[in-house]
Amino acid sequence: MTQHLPLTGVRVTDFTWIGAGSYTTKILADAGAEVIKIESADRVDSLRLAAPYKDGVKGVNRSGYFADRNSSKRSLTLNMKHPRALDLVFRLIRQSDIVANNFTPGVMDRFGLGYDAVRAVKEDIVYLAMSMQGSTGPQKHYLGYGATMAAVTGIQQLTGLPGREPAGTGTNYPDHIPNPCHATFAVLAALRHRRRTGEGQRIDMAQTEPTVALLGPAVLEYTANGHVPQPRGNRHEQAAPHGVFRCAGDDRWIAIAVMTDAQWRGLAAALGAPAWMNDARLATASGRLANVDEVEERLNAETAGHGVEALVLALQAHGVPAGRVSTAADVIEDPQLRHRGHWLTLDHPEMGPSLYNAQPFRNSRSPAGQARPAPLLGQHTHEICRTLLGLDEAEVARLTEDGVLR
């Protein structure tokens, strides 16, 4: 029996770029959708210019960041400022199921590709718009990236150490977790609705709103108790110890979360029952929280003599939640991820064999590991023009000479 990926047969005209938008359409592409990324040689996707570069050599086709966020896609380069480009886009949209963008509201309208214009040529289109603040409201024209959204929504304020300036997460967190996942879910729901009713729809997603959804406990703390939560580092208001602790070796750490008194006893057993852990003051969570500075200082002294890998195994065997604080090299060599087939080596046309993330789920009726390497800039322009847009060689050459295709 021929196996197909879940979204085989779905086509996406993709105007997204940079972070969350590109990750959204990557999820669709790796799941089998034909995602045609509309690019410009004059203003390339910023991720194409983002490190790390393969072998440290800069180039629009050498960014590992871009490659991972754009696997399995095809690239069509167009000059959207040229009046003849719009007709080509409409030809493609007529054969598409989804149009996606993550521009500030108004940009697609200026291209002549607002929802009403697109719906006029493809009535059942699923149209995804995922700007920072949505298409309505007093801040709809605000421009921002992942770090901006983390600040606006309160994540930045909650991360860091008590009494210190906000630290953030060290990455554009909204671009990687809440926003692409919510956008993908919305698209899949719209596709299902269209299959059942024949109706397309416009999805207006403000990227700040999925990010706000991460702050449920903080919002409830304020609305229910009138208290504004403050950053507390790795500590937990109901459990101790709860944090990261030094292990033997250079910059090696272990994360430990003791959520119950039974886990505290398991921690003591795994460490060889140090005398200080028998202190009656520390037998309960309330006692450990009251003496949390002492607990953390003493625990750091204990764990510093242990290798992190052996200590993780010992703690897990005693029912204590624990894990290694991994470096990038650790994650790539992780035996569990390798067992799951998480890492894919794909042969990129310029960078050669390169490491990619597989999708983090496996479908029992679909083949695994079918992702393709990210495209070169404009790699599929000629092919798409011939096979989908109905242009002959002379027309393609003329449009290239006139600066429409670039």
Salt bridge check: are R194 and D124 linked by an N-O gap of less than 4.0 Å?
-> yes

How far does CG of D30 sit from CG of N357, to the nearest 0.5 angstrom?
-> 9.5 Å

So, are R288 and D261 salt-bridged, with charged N and O less than 4.0 Å apart?
-> yes

Below 4.0 angstrom, N of the basic side chain to O of the carboxylate: do K54 and E350 qualify?
-> no

CG-CZ distance between D334 and R340, expressed to the nearest 0.5 angstrom = 12.0 Å

In terms of side-chain heavy atoms, does S71 have a donor or acceptor partner in K26 at a distance below 3.5 Å?
-> yes

Assess whether salt bridge (charged side-chain N to carboxylate O under 4.0 Å, His left out) is satisfied between R246 and D251, documenting all intermediate values.
-> CA-CA 8 Å; R246 187 177 294 280; D251 200 26; 5.0 Å; no

Between Q379 and S75, do the side chains contain an N or O donor and an N or O acceptor separated by less than 3.5 Å?
-> no

Which word best sums up how the rings of W264 and W276 line up, parallel for under 30°, tilted for 30 to 60°, or perpendicular for over 60°?
-> perpendicular

Sidechain N-carboxylate O distance under 4.0 Å for E34, K73 = no

For the residue pair H236 and H242, categorise the inter-ring angle as parallel (less than 30°), tilted (30 to 60°) or perpendicular (more than 60°).
-> tilted

Got L346 and R372 here, is their nearest side-chain heavy-atom distance under 4.5 Å?
-> no

